[in-house]
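This report concerns only the one structure given below.
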Amino acid sequence: MVILRLSRMRLAQVAIDNFDLAQTLDSGQVFHWERHANGYAGTIKDTGVYVEQRGNRLFFAGATPSLIQRYFSLDHPLRQICQSFPNDPVMRGATAFCRGLRIIRQPSWECLATFITSSMKQVAHIRQMSHALRERFGKPLTICGLQVHTFPSAERIAALNEKELRECALGYRAKYLLETARFVGSGTINLEQWSELSDESLRNSLCQLPGVGAKVANCVMLFAYERLRAFPIDVWIERVLRQQYFPKKRKMTTRDRRAFCDAYFGPYGGYAQQYLFHHARKGGVGGKGDAK
DNA sequence: CTCCAGGGATGAT
DNA sequence: ATCATCCATGGA
C-alpha cells in the first residue's frame, strides 16, 4: 500500500547532472536515509523528505527545490573536483567507481552527534544507533505516507541520562555524546558560529569536544562545514595507504599519513578521501582480503 | 566460535 | 612526544 500511495503521489523534480543518489546515500557519510519504493525517505534538518532518482531527474516531496539542491550539493563543480585529484591508478579507479557521488551538506549537530557514535563501529551499526536515537527521542513526521523521525536536538539529548543513551546501543560512546550534547545544548558552544572559523581553528574547536578527535573532527568538517580539503583517516583509508600507495614501506606513523594526505590529495582532498573510502568498502579494492 | 568496525581518552614509557 | 590498553556492541 505504501508503494501504491507513492506511485500516486505527485512529486516535484529538478534536473541533475553527474549525480548518483544511491551512491551518495550509501557512502558512509550520512546514516538515516531508508529505502522505500524506488527511492529514499529521511529528513533534511526538521523536514521530512522523500527523494527518488530517475535518470537525470531527481523527484522529491516534502522540500523545496532549493533545499534539495543545497543538501545534495548539486552546485558542487564535480567534474572540476575530479580533475583536481592526483592522476594515479588508485585515484583513477576510485573516481571511475564513484561517479556522481557527492559530499552532502548535513546539519552540523546531527553530523557531529552521529560521528561521535561512529567510533569502532561498522556503518550498519551507526545506522542502527542513529535510527534508535531518532525513533525514541526525535519528532515523528509523515512523508508520502511513510513515518520518519528528526534527529533529536542537542537540548533534547542533553536532558537525557547515560542509561537512556546506552539503551540505544551506544556503549561507551553514550557518555561522550551526552557530554557534548550538554556543551551544545546549553549554548556554551555555538556550532553555527563555528562556520566562520578557519579550517585549523574549526578543527581545534571540534577536537575539544568529548568523543571528538582528529578523525571525527575531519568528518564533521567535511560533511557539515563544507571544508572539502578535510581528509578523515580511518582504518579503511589506512589500508588503502598501506596496500595501494606504500606497499613496500615498513612503518608509517599517524603523522606520516597525515603529512602525505594533506600534501598529496589537493584542495578537494575530502572528496578524494570519500572516493577512496567508498571504493575500498564497496568495490572490494583496498579491502580486507586484498593483501598484496 | 573469532575477528573487526569511518576512534578517543587515559595512563605508562 | 609516542605507545599500549581499555572501552561496548553486533555484523560478518
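Taking the six-membered ring wherever Trp is involved, the centroid distance between the rings of A:Tyr245 and A:Tyr264 falls below 6.0 Å. The aromatic ring centres of A:Phe265 and A:Phe231 sit less than 6.0 Å apart.
Rounded to whole Å, the separation between the P atoms of B:dA9 and C:dG10 comes to 23 Å. Comparing B:dC1 with C:dG11, their P atoms sit 15 Å apart, to the nearest whole Å. Between C:dA8 and B:dC3, the two C1' atoms lie 15 Å apart (nearest whole Å). If you take atom C1' in C:dC6 and the same atom in B:dC4, they sit 16 Å apart, rounded to whole Å.
Heavy atoms of other residues, nucleotides or ligands lying less than 6.0 angstrom from CZ of A:Arg57 number 12 at most. In the displayed structure, A:Arg92 atom CZ is contacted under 6.0 Å by more than 12 heavy atoms of other residues, nucleotides or ligands.
The pair A:Glu179-A:Lys175 does not count as a salt bridge, with every side-chain nitrogen at least 4.0 angstrom from each carboxylate oxygen. Classification of A:Arg258 and A:Asp262 as a salt-bridged pair holds, one side-chain N sitting under 4.0 Å from a carboxylate O. Salt bridge status for A:Arg79 with A:Asp17: present, with a side-chain N to carboxylate O gap under 4.0 Å. In summary, A:Arg127 and A:Asp26 do not engage in a salt bridge, as defined by a charged side-chain N under 4.0 Å from a carboxylate O.
A:Ile103 has its CD1 atom 12 Å from the C1' atom of B:dG6, to the nearest Å. We find that NE2 of A:His125 is positioned 9 Å from P of B:dG6, with the value rounded to whole Å. In this structure, A:Met129 places its CE atom 10 Å from P of B:dG6, rounding to the nearest Å.
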Counting Watson-Crick and G-U wobble pairs with both distances under 3.5 Å, what is the dot-bracket string for DNA chain C, 5' to 3', using [ ] for crossing pairs and | for pairs to another strand? |||||||.||||

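No contact: A:Thr117 has no heavy atom under 4.0 Å from any strand. Using a 4.0 Å heavy-atom distance criterion, A:Arg127 is classed as making no nucleic acid contact. A:Arg166 comes within 4.0 angstrom of the backbone, heavy atoms only, and of no base.
A:Phe72 has its side chain within reach of A:Val51: a pair of non-hydrogen atoms, C-beta onward, lies under 4.5 Å apart.
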Using a 4.0 Å heavy-atom cut-off to protein, can you give one letter per nucleotide of nucleotides 7-13 of chain B, 5' to 3': B if the base is in contact, S if only the sugar-phosphate is, - if neither? BSS----

Verdict with supporting geometry, A:Tyr40 and A:Arg35, side chain to side chain donor-acceptor pair (under 3.5 Å): CA-CA 4 Å; A:Tyr40 298 83; A:Arg35 290 212 74 121; 3.0 Å; yes

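Nucleotides of DNA chain C that come within less than 4.0 Å of any heavy atom of chain A span, from the 5' end to the 3' end, C:dT2 to C:dG11.
When atom types are taken as modelled, the side chain of A:Ser73 and the backbone of A:His76 share no donor-acceptor pair closer than 3.5 angstrom.
Not a single donor-acceptor contact under 3.5 angstrom links the side-chain atoms of A:Glu238 to the base of B:dG6.
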